[in-house]
Amino acid sequence: MNATEIWGPLALTLKLAAVTAAVLLVLCSPLSWWLARSRSRLRPLIEAITALPIVLPPSVLGFYLLICLAPEGPLGKLSSMLGGPSLVFSFPGLVIGSIVYSLPFVAQPLQNAFSGIKSEQLEAAATLGASNWDRFFSIALPQAKRGILTAAVLGFAHTLGEFGVVLMIGGSIPGETRTMSIAIYENVEMLNYGKAHALAATMLISSFALLLLIYAIDRKGNPFQR
């Protein structure tokens with residue numbers, strides 16, 4: 001198996017995981033802050049919707065995403081009206097699907113981190129004239145940095161390993177939607193166990209090295225763990 005056969009799916013998988021984790025951190029930070037602090041009656045409903053991808057089988061989630069992203073689906077039509085690309089069997093469609101199925105793995109660690117911030121600190125800042133945004137950016141985000149790191153790692157790692165949703169909405173287009181999990185599945189299906197082993201071992205080593213690097217950086221930033 002040559003390097004191109006490994007590098008193509010690996011680069012696409014890492015790109016998908018990085019884009020998904022970055023977008024989810026931006027989207028989930030205000031959402032998780034609201035979930036952690038709100039007393040609204042809508043909170044249980046929003047929490048249930050956010051956690052739904054955890055309990056849904058990937059085939060079910062992938063099926064409904066396929067309907068939404070298809071040319072006649074609501075998101076497919078919206079993309080067409082705005083002059084955007086076709087979402088089914090494309091990288092943008094994979095990103096949207098990845099955002100949905102990895103949502104709880106980013107939102108819940110952030111919500112837990114924000115819930116741990118003492119209300120007295122926020123109330124003291126408010127008495128000094130700090131706005132809601134000032135308190136969020138100056139107090140909440142710095143104190144929740146470990147939760148943010150955990151959320152980023154979980155979102156990235158969960159996207160790396162997803163198979164069912166990726167197959168349903170992305171198929172297997174080399175350079176566009178053929179991720180590592182799809183490439184491994186196809187080689188096993190064709191009884192190319194040598195190639196499947198090479199891809200799986202590359203994925204295992206890359207994932208472990210990445211996680212080790214992230215946790216080493218986090219430990220270095222926290223002197224109390226030395």
Side-chain angles (χ1 to χ4, degrees), residues 13-56 58 61 65 92 94-162 165-166 206-226:
T13 303
L14 294 176
K15 177 183 174 183
L16 177 63
V19 171
T20 300
V23 173
L24 278 174
L25 283 177
V26 173
L27 295 178
C28 289
S29 292
L31 171 64
S32 299
W33 173 252
W34 182 82
L35 290 174
R37 295 290 166 182
S38 175
R39 296 180 180 176
S40 170
R41 293 181 178 179
L42 292 176
R43 177 179 159 181
L45 174 64
I46 303 300
E47 284 183 314
I49 294 173
T50 303
L52 197 56
I54 294 178
V55 298
L56 276 180
L61 190 58
L65 281 170
L94 279 190
V95 172
I96 294 173
S98 300
I99 289 171
V100 173
Y101 68 70
S102 292
L103 175 66
F105 296 88
V106 175
Q108 291 187 352
L110 287 177
Q111 183 180 346
N112 292 337
F114 289 142
S115 298
I117 298 174
K118 295 181 179 177
S119 299
E120 291 81 359
Q121 292 178 290
L122 301 172
E123 292 168 358
T127 59
L128 296 174
S131 66
N132 289 334
W133 285 109
D134 288 336
R135 282 177 278 165
F136 178 71
F137 284 108
S138 302
I139 298 176
L141 285 183
Q143 291 198 27
K145 62 181 182 180
R146 289 183 63 82
I148 294 172
L149 178 64
T150 301
V153 170
L154 287 177
F156 188 92
H158 187 251
T159 306
L160 282 182
E162 179 53 35
V165 173
V166 171
S206 301
S207 301
F208 179 74
L210 183 62
L211 290 175
L212 186 63
L213 175 64
I214 290 172
Y215 284 117
I217 293 173
D218 179 54
R219 183 180 177 83
K220 187 176 181 181
N222 186 350
F224 297 104
Q225 288 189 356
R226 293 174 182 172

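Here, residue 1 is the first one in the sequence, and each next residue gets the next number.
- Residues passing the side-chain contact (heavy atoms from CB on, under 4.5 Å) test with Leu212, sequence neighbours excluded: Phe208.
- For the side-chain contact (heavy atoms from CB on, under 4.5 Å) test, residues two or more places apart in sequence or in another chain that qualify with Ser40 are Trp34, Ser38, Leu42.
- Scored by the side-chain contact (heavy atoms from CB on, under 4.5 Å) test, Leu14 finds Leu10, Phe156, Leu160 as partners (sequence neighbours excluded).
- Residue Leu35 holds its CG atom at 10.5 Å from CG of Leu110, rounded to the nearest 0.5 Å.
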*Check step by step if side-chain contact (heavy atoms from CB on, under 4.5 Å) holds for Ile54 and Gln108.*
CA-CA 11 Å; Ile54 294 178; Gln108 291 187 352; 4.0 Å; yes
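- Within the structure, salt bridge (Lys or Arg N to Asp or Glu O under 4.0 Å) contacts touching residues 37-51 (residues at least two apart or in different chains) are Arg43-Glu47.
- From Glu123, atom CD reaches atom CZ of Arg135 across 9.0 Å, with rounding to the nearest 0.5 Å.
- Remark: Asp134 pairs with Ser131 by the side-chain hydrogen bond (donor to acceptor under 3.5 Å, both in side chains) rule, at least two apart or across chains.
- Closest of all the heavy-atom pairs between Thr150 and Pro109 is CG2-CB, 4.3 Å.
- For residues 35-55, no residue pair satisfies the ring-ring contact (aromatic ring centres under 6.0 Å, His included) rule, not counting sequence neighbours.
- Ring geometry for Trp133 versus Phe136: interplanar angle over 60°, hence perpendicular rather than tilted (30 to 60°).
- Ile46 places a side-chain heavy atom less than 4.5 Å from the side chain of Leu31.
- Although no hydrogens or angles enter the test, the distance criterion places a donor-acceptor pair under 3.5 Å between the side chain of Thr127 and the main chain of Ala124.
- Legend: side chain to side chain donor-acceptor pair (under 3.5 Å) pairs involving residues 23-33, not counting sequence neighbours: none detected.
- The two residues Ser102 and Thr159 have their closest heavy-atom pair at OG-OG1, 3.1 Å.
- To the nearest 0.5 angstrom, Leu94 atom CG is 10.5 Å from Glu162 atom CD.
- Separation of atoms CD1 (Ile148) and CZ (Phe114) is listed at 5.5 Å; rounding is to 0.5 Å.
- The shortest heavy-atom contact between Ser115 and Ala36 is OG-CB, 3.5 Å.
- With rounding to the nearest 0.5 Å, the separation of CG in Leu52 from CG in Leu61 is 8.0 Å.
- Val153 is linked by a side-chain contact (heavy atoms from CB on, under 4.5 Å) to Leu149, Leu211, Ile214, Tyr215, counting only residues two or more places apart in sequence or in another chain.
- Interatomic distance, CG of Asn112 versus CZ of Arg146, reported as 13.5 Å (0.5 Å rounding).
- Minimum heavy-atom separation, Pro104 to Val100: CD-O, 4.0 Å.
- Annotation: side-chain hydrogen bond (donor to acceptor under 3.5 Å, both in side chains) contacts of Ser206 (sequence neighbours excluded): none.
- Listed by chain and number, the residues in a side-chain hydrogen bond (donor to acceptor under 3.5 Å, both in side chains) with Ser98 are Tyr101 (sequence neighbours excluded).
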